[in-house]
Amino acid sequence: MKKTLALFLVLLMAVALTACGGSGNSNNTAADSNGGKVNIVIVNGKGEIASQWEQAAKDFMAANPDITVEAVSGAVGETVNLLDKLTASGKTVTIAMMSPDSIVNKYKDFGIDLSNEKWNADTVYGVKDANGKIAGFPFSIEGFGLVYNKSVVEKAIGGAFDPYSINTRDKLKALLDKIQASGVKYPVAYQTENWSVANHYSTQFLNQAEDPNTIVEQLKAGKFDLASNAVWNGYYDTMDLLVSKQYNKYGERPLGKYYDDAHLSVGKGESAILFNGNWAFDSLKAVSGESFGFIPVPVDNNPDNPLNNKIAAGPTNILVINKSATAAQQEAGKKFLNWLVYDQKGQDFLVNQAQVISAFKNNPNKVTNPLGVAIAEAVQAGKTLPFSSNYVKVEDWGNILAPDIQKYIAQKESRADLAKAIETYYKNQQ
Amino acid sequence: MITEKSRLKSLGNQLFFTGPTIIFFAIAVLIPFAYGLYLTLTDMTSPVNPIKFSGFGNYKTAFTDTAFWESMWLTVEFVLATVIIINILGFILAFLVTSGVKMQNFFRTALFTPNLIGGLILGYIWQFIFVQTLPSIGDKLGIEWLRLGWLGDEHLAFWAIVIVTIWQSAGYMMIIFVAGLVNVPKDVMEAATIDGANAWQRLRSVILPLMVPSFVVTVFLTLKNAFMVYDVNYSLTAGGPYGSTTMVSMHVVQKAFTENIYGVGQAEAIVLFIIVAVITGLQVYFSKRMEVAA
C-alpha cells in the first residue's frame, strides 16, 4: 500500500511540475488584447496610495475607453517584490514601479527606452538605464535632511528661522546648544534604522562629485580611499555630533528600535531634530499647528561648500514599461505616463490625491504636508543635490553594510574599519 | 489471500478518504518543496529574468557563507534557551493549575491567551514595552538595567526575543502538560502514597515517567518552533542591533528576497530543513524509547 501511495505522490508531483514549466513558457494571452481593447497591468509599490492608484486607473479608463487597466498595489512594508510575484504567477506587468537603482541592477533588462517621450522636456529627473537611455519615468520626488520642528527651533533662537542659515557644522552645534539652553534636554532624537543610516546618511559622500557614479566606479576599481577622504569623514564627524550623549535622546545606547519614539518626540516638540526624509511626516503625528522643515546636513565648516547648502532630493519611485509586453500594451502604458503629466486629472491624482511631489515643471498643484512643501521649494530654488541612495544597491547597503555603520554608531567599530568594510564590499562587486 | 480486485477497492477507499487531503498537502507543501529543490540548482535573481542552471554551486556558497552559520549558531543558542525554559515553566504551570488552586480554570485560560495573539502583533506590542515602558519604569524607579532600551544591546535583545517566545508558548505547552497530568491514573498515585512515597518521590518516579509522551510532543513542538522562529524575530528586533540577532530563517529570507539571491537562499533553507528534520527525528526516536506503560 505504501508503495502505491508513494507512486501516486510522485506522479502528482511530476504532473504539477510539468504544469509549472508549461505555464512559464506560454506567453500570456489572457492579459492581451480582446476585441480591440488593450489590457494593461500597472503596479504600484507605495501601499499608502493604493486607493488613489485604483481611482487613477478608473479615471484613465474613462478618458481612454479602448484601454482596460488593472491596478495592483503592494501592501505597506511588503518584503516580497510585487513585480516578481506577479511575473512568477504568469502575468505580464505593463508598468512597474521600482526604486531607481533597480533599473541598472536587478531589472537592468526589463524596461523599454523612453527617451523620445514628450514628458522628458518637462523634467530633469528621468532615470537612465545601464545603456544611458532614459527608461524610468520619475513618479515621485523625495528628499532627506535634518527634519526640524519649527516652533521649537524658533523659540530657541527667538525669531524666524532660515534652515539654510545652518551651513557649517559649527553653526549646527551652536543651534543645538541654543535649543538645549531653551529648555529642551535632548535637541536630537536620532533614529538608527538600517536603511536610514546606510542607504541615506552614509551615501551622502557620493555627492562630492558632480556625477555620483564616478565615485561608485572608483570604489569598484579600488581606487577611492575613504579613510583619507575629507567629505566622507566630514559626514561621520557630523554624525558623531548628532548621536553624542550630549545632544541625542538615545545617546547612551544609540541603537534600538527608536523610529516611532523619535518621530513622536520631534512631533510633540520634546526634541527638535532628527534625520529622515519627507515621508517622516506621517510618523511625526504632529499636534496641529506644529510645522516642520529641512536643514541641510553640514559636512564641514566651509559656508560656501554646496554640500552644506543643499538638500538631497531626487526621484525615488520610477515607472518602467515592460519590454516583454506587446507593442499595443507598451503604447497604452506610454499613454498612461503622458496622462499623469499632461491631463488635469492625472496631475490632480499625482499631487493632490497621492500627495506626491511631482517631478514635472508643468504640474500646477502643490502638496500640503510641510516636509513635502520644503522639498518642493528646494527643488524650485535649485537647492538640491542628487538623492545619493539612487547610486548604490540599496538592498546591499541596508543588509550588508548597515550593521557596520550601526556598529560604528554604537562605538563598537572604528571609522577605519568602517572604511575598510565599504571598500571590501565594493571590491567584491566585480 | 488478497485478490487484484479487492486491492483496487482498498486503494479506492483510501483515496476517497485521504485523497482530498493529499491534494491540498501537495499543493501547499510537496510541490513548493520540490520546486524549491529545483530552484536551488538554478541561478535566479528574479522571475523577470530567465532561469539559468547552475548545478550545486548554490550549496557550495551556502556552506561557505559565514553569516549563515553565525545565524545558525545563534539559532541553536536560542533553541537551547527556549526549549529548556518553556518546558520547565510549562510543566510547573501545569502542575500549579492542576493542584486545585482557586480559579484554576481562569488561570489556564489566562496563561494560554498569549498563544492566541499572532507573533507579529506580539512582537510589536513587546517592542513598545522594551523601548518605552520598561525604560520609563527604570527611569522613575532608578533601576539601572531597565533604564536603557533592551533592543539596542546585542545580548539583551537576544534575551528579549527569548522572553517573548517563552511568554507566547509556555501557556500552550502547559495545556499539553495539563492533559498529561490529568491522565496519570489515580490508582497508581494512590498506591505510591500508601507505599509511603512523598510528593517529590511521586513526582520523580511516577508522574514524570508517565508524562514522557507529553514531553515528546512539547519538546518536539518547541524545538521546531525555535528553529523556525521568524515572526517575533522580525517584528521585535528585525535582526538588529547591527545584525546581531538575525536568526537563521531571517537570514534565509534576506538572502532570497532582499539580496535577491533566490538560489542560495533556497539552498540554505534546505540545509536548515535537513538539520531540523534530523534533530527532531532523533529527539522523537530516542524519547519514544523512554516511554513506559502505567
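These numbers come from a predicted model, not from an experiment.
Under the side chain to side chain contact (heavy atoms under 4.5 Å, CB included) test applied with Asp404(A), the options Thr424(A), Ile422(A), Leu418(A) reduce to a single match, Leu418(A).
The side chain to side chain donor-acceptor pair (under 3.5 Å) analysis of residues 123-134 of chain B, with sequence neighbours excluded, yields the pairs Asp261(A)-Gln132(B).
If you measure heavy-atom distances from Lys412(A) to chain B, the contacts under 4.5 Å come from the side chain alone. With a 4.5 angstrom heavy-atom cutoff, Leu156(B) touches chain A only via side-chain atoms. In this structure, chain B has a heavy atom under 4.5 Å from the side chain of Ile400(A), while its backbone stays farther away. There is no contact between Ile27(B) and chain A, counting heavy-atom distances below 4.5 Å. Looking at Thr237(B), only its backbone comes within 4.5 Å of chain A, counting heavy atoms on both sides. Neither the backbone nor the side chain of Tyr250(A) comes within contact range of chain B; no heavy atoms are under 4.5 Å apart.
Judged as a side chain to side chain donor-acceptor pair (under 3.5 Å), and not counting sequence neighbours, the contacts of Asn276(A) are Tyr259(A), His263(A), Trp279(A).
No side-chain donor-acceptor contact under 3.5 Å links Ser196(A) to the backbone of Thr192(A).
Residue with the most contacts toward chain B among Lys257(A), Glu395(A), Lys407(A), Gln406(A): Lys257(A) (heavy-atom pairs, distance under 4.5 Å). No other option in Ala256(B), Ala238(B), Ala157(B), Gly149(B) has as many heavy-atom pairs under 4.5 Å with chain A as Gly149(B).
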Please lay out, stage by stage, how Ile103(A) and Phe110(A) fare under the test side-chain contact (heavy atoms from CB on, under 4.5 Å).
CA-CA 8 Å; Ile103(A) 192 174; Phe110(A) 180 81; over 6 Å; no
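Remark: the Tyr107(A) side chain and the Asp129(A) side chain contain no N/O donor-acceptor pair separated by less than 3.5 Å.
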